[in-house]
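Letters A, B, ... are given to chains in the order of the sequence lines, protein chains preceding strands, and every chain is numbered from 1.
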There are 2 protein chains.
Amino acid sequence: MTENQPKITKSDRTRAQILEAARQLFAERGYDGASIRDVAAQASIDPAMVIRYFHSKDELFARAAVVDLQLPDQRVDPAAVGETLIRRFLVNWEGPANGPGMIILLRSAASNEHAAHKVRDVFANQVRPMVASIGDPADAGRRAGLVASQLLGLAMCRYLLRLEPVVALSPEEIIRDVGPVLQRYVMGHDAH
Amino acid sequence: MTENQPKITKSDRTRAQILEAARQLFAERGYDGASIRDVAAQASIDPAMVIRYFHSKDELFARAAVVDLQLPDQRVDPAAVGETLIRRFLVNWEGPANGPGMIILLRSAASNEHAAHKVRDVFANQVRPMVASIGDPADAGRRAGLVASQLLGLAMCRYLLRLEPVVALSPEEIIRDVGPVLQRYVMGHDAH
DNA sequence: AGCATATGCCAACGGCTGTTGACAAATGCA
DNA sequence: TGCATTTGTCAACAGCCGTTGGCATATGCT
């Protein structure tokens with residue numbers, strides 16, 4: 001029996017508590033608005049512990065702002081890719097299980113270059129390849145950029161700015177109204 | 001000759017310098033990222049002067065973040081409202097004369113509730129009435145919200161996050177690709 | 001010229017920030 | 001039980017922040 005069992009120590013518990021508190025506060029107030037002391041108070045712990053477990057605020061943020069959009073990378077029905085995308089979007093942002101990684105990132109990206117860089121990484125590594133796998137890879141960047149503009153704008157209005165009419169939209173309305181636009185963007189500009 | 005001529009005093013000069021420096025730094029770094037000391041240094045002035053002329057940082061920000069989208073409120077050709085809107089958007093964001101009010105606001109709105117409130121005001125007082133004047137006022141909120149989601153998303157990707165493929169789009173491409181989407185949103189969901 | 005006013009600089013305040021190191025309590029193995 | 005390691009608390013650091021009041025200088029009117 002020389003195998004090393006994971007050994008869930010006590011520190012792992014508080015480590016997770018800190019990370020959860022950080023995720024919540026970063027999502028609510030952004031990188032600058034959430035101080036290490038705030039995170040520590042939310043986790044009912046001393047601020048020094050936050051630094052001990054995560055070595056700096058930057059590293060804590062990096063651990064909190066992990067994003068996996070789980071976009072369909074395999075064969076998708078090209079005729080339904082718009083609806084597939086918008087449904088995936090709603091699950092990512094409103095689903096219960098998924099961490100608030102994307103809202104953390106977007107909340108800080110507008111005024112924090114480090115967070116903005118991570119958003120660009122998500123686009124380059126997750127959104128763009130997915131679009132490239134559908135149609136002509138030559139102008140995949142342009143089409144993926146249009147998709148991102150619509151989806152990030154919807155997220156801004158609905159989850160960050162909370163524009164009343166956009167918050168009031170039902171998931172079905174969003175799928176009906178935005179899905180065809182995404183379809184058009186993914187397939188090419190004159191697919192109508 | 002009892003008329004009071006405006007009297008451009010020396011203080012008006014530096015007042016304008018401070019405001020210009022504030023606009024630039026707020027646009028680049030957002031509300032939290034631009035300190036009063038930074039603004040003062042940019043204007044080659046003492047930080048105390050910023051407070052003397054504008055009474056607080058909040059008031060300075062309010063003066064800097066003034067937005068007038070100049071949307072067409074009169075008779076617009078309903079068949080060309082999408083193209084009209086996206087052209088207006090490009091002038092507002094890339095035109096030489098217009099102040100950077102909108103980029104100031106958007107940069108800070110994601111992590112600053114005060115700025116977010118002002119964005120909601122711009123939407124309610126400028127975007128929504130314009131959409132309401134075109135089609136059925138009953139669901140003007142929903143349609144205006146969809147328009148805002150596309151335009152704010154485009155602004156985020158092109159001017160704040162600087163997503164490479166979106167930055168690379170030419171104004172003509174944007175007009176061609178996004179115009180029809182706005183047309184669809186303004187007129188109603190099944191106008192194709 | 002003399003004086004009131006406008007304009008500007010300087011130093012400091014209280015408060016908050018991320019981060020550090022020293023010390024105390026708890027835990028777990030011998 | 002004794003001891004080493006882990007887990008946690010406390011106080012303080014240097015540095016920023018918005019804001020304030022006092023004092024020097026410059027301006028402009030009579």
Side-chain angles (χ1 to χ4, degrees), chain A residues 1-2 4-23 25-26 28-65 104 107-108 111-115, chain B residues 1-2 4-23 25-26 28-65 104 107-108 111-115:
Chain A
M1 298 196 210
T2 57
N4 42 359
Q5 50 192 1
K7 285 194 66 169
I8 298 178
T9 67
K10 185 139 189 292
S11 69
D12 293 327
R13 265 285 281 162
T14 61
R15 199 185 180 87
Q17 286 180 14
I18 294 172
L19 191 57
E20 182 189 343
R23 276 200 233 264
L25 293 186
F26 280 145
E28 289 175 359
R29 313 179 196 174
Y31 181 86
D32 291 313
S35 72
I36 285 191
R37 283 172 169 86
D38 290 338
V39 171
Q42 177 80 12
S44 304
I45 217 75
D46 192 90
M49 302 300 296
V50 179
I51 295 293
R52 207 207 278 274
Y53 285 114
F54 310 84
H55 306 317
S56 68
K57 189 182 181 182
D58 279 323
E59 196 164 322
L60 175 64
F61 184 79
R63 297 273 183 179
I104 291 174
R107 181 84 72 187
S108 302
S111 55
N112 183 294
E113 179 56 31
H114 190 78
Chain B
M1 297 195 209
T2 57
N4 41 357
Q5 47 192 1
K7 284 195 69 169
I8 299 179
T9 68
K10 185 140 189 293
S11 69
D12 293 327
R13 264 287 281 161
T14 61
R15 200 185 177 90
Q17 286 180 14
I18 294 172
L19 190 57
E20 182 188 344
R23 277 200 233 263
L25 293 186
F26 280 145
E28 289 175 2
R29 315 181 195 172
Y31 182 87
D32 292 314
S35 72
I36 283 191
R37 283 172 169 85
D38 291 336
V39 172
Q42 177 80 13
S44 305
I45 216 75
D46 192 88
M49 302 300 296
V50 179
I51 295 294
R52 189 174 335 235
Y53 285 113
F54 309 84
H55 307 317
S56 69
K57 190 182 181 182
D58 279 323
E59 196 164 324
L60 175 64
F61 183 80
R63 296 274 183 177
I104 292 174
R107 182 85 73 187
S108 302
S111 55
N112 182 294
E113 176 55 29
H114 190 77

Closest of dG8(D), dT19(C), dT17(C) to the D38(A) side chain is dT17(C)
Figure out the CD1/P separation between I36(A) and dT17(C), and round it to whole Å. 10 Å
F61(B) six-ring centre to R23(B) NZ/CZ under 6.0 Å and within 45° of normal: no
Minimum-distance nucleotide (side-chain atoms of D46(A) versus dG18(D), dG18(C), dC10(D)): dC10(D)
Round to the nearest Å and state the distance from L25(B) atom CG to dC17(D) atom P. 12 Å
Nearest-Å distance for atom pair CZ/C1', residues R29(A) and dT17(C): 14 Å
What is the separation between atom CZ on F61(A) and atom P on dG18(C), rounded to the nearest whole Å? 13 Å
Of the nucleotides dT19(D), dA22(C), dT17(C), which one has an atom closest to the side chain of R52(A)? dA22(C)
Starting at the 5' end of DNA chain D, which residue's closest nucleotide do you reach first, R37(A) or I45(A)? I45(A)
Counting heavy atoms from C-beta on, name the nucleotide in dG8(D), dT19(D), dG18(C) closest to the side chain of K57(A). dG18(C)
Between atom CD1 in I18(B) and atom P in dG18(D), what is the gap in whole Å? 14 Å
So with a 6.0 Å cut-off around CD of E20(A), is the heavy-atom count from everything else above 12? no
For I51(A) and dC13(D), what is the distance between atoms CD1 and P respectively, to the nearest whole Å? 19 Å
Given dT9(D), dG18(C), dC10(C), which nucleotide is nearest the side-chain atoms of A48(A)? dT9(D)
Between dT6(D) atom C1' and R15(A) atom CZ, what is the distance in whole Å? 14 Å
Remember a base hit wins even if backbone is also touched, and classify Y53(B) as base, sugar-phosphate or nothing at under 4.0 Å, heavy atoms. sugar-phosphate
How far apart are the C-alpha atoms of K57(B) and Y31(B), what are their side-chain angles, what is the distance that settles it, and do they pass the side chain to side chain contact (heavy atoms under 4.5 Å, CB included) test? CA-CA 9 Å; K57(B) 190 182 181 182; Y31(B) 182 87; 3.7 Å; yes
I want to verify a distance call: between dT17(C), dG21(C), dT19(C), whose nearest atom is closest to the S35(A) side chain? dT17(C)
For the pair made of CE in M49(B) and P in dA24(D), what is the distance, rounded to whole Å? 17 Å
Please confirm whether the shortest side-chain N or O distance from T14(B) to OP1 or OP2 of dG8(C) is below 4.0 Å. yes
Near E28(B) CD, under 6.0 Å, is it more than 12 heavy atoms from other residues, nucleotides or ligands? yes
Worked check of side chain to side chain contact (heavy atoms under 4.5 Å, CB included) between F54(B) and R63(B): CA-CA 9 Å; F54(B) 309 84; R63(B) 296 274 183 177; 4.0 Å; yes
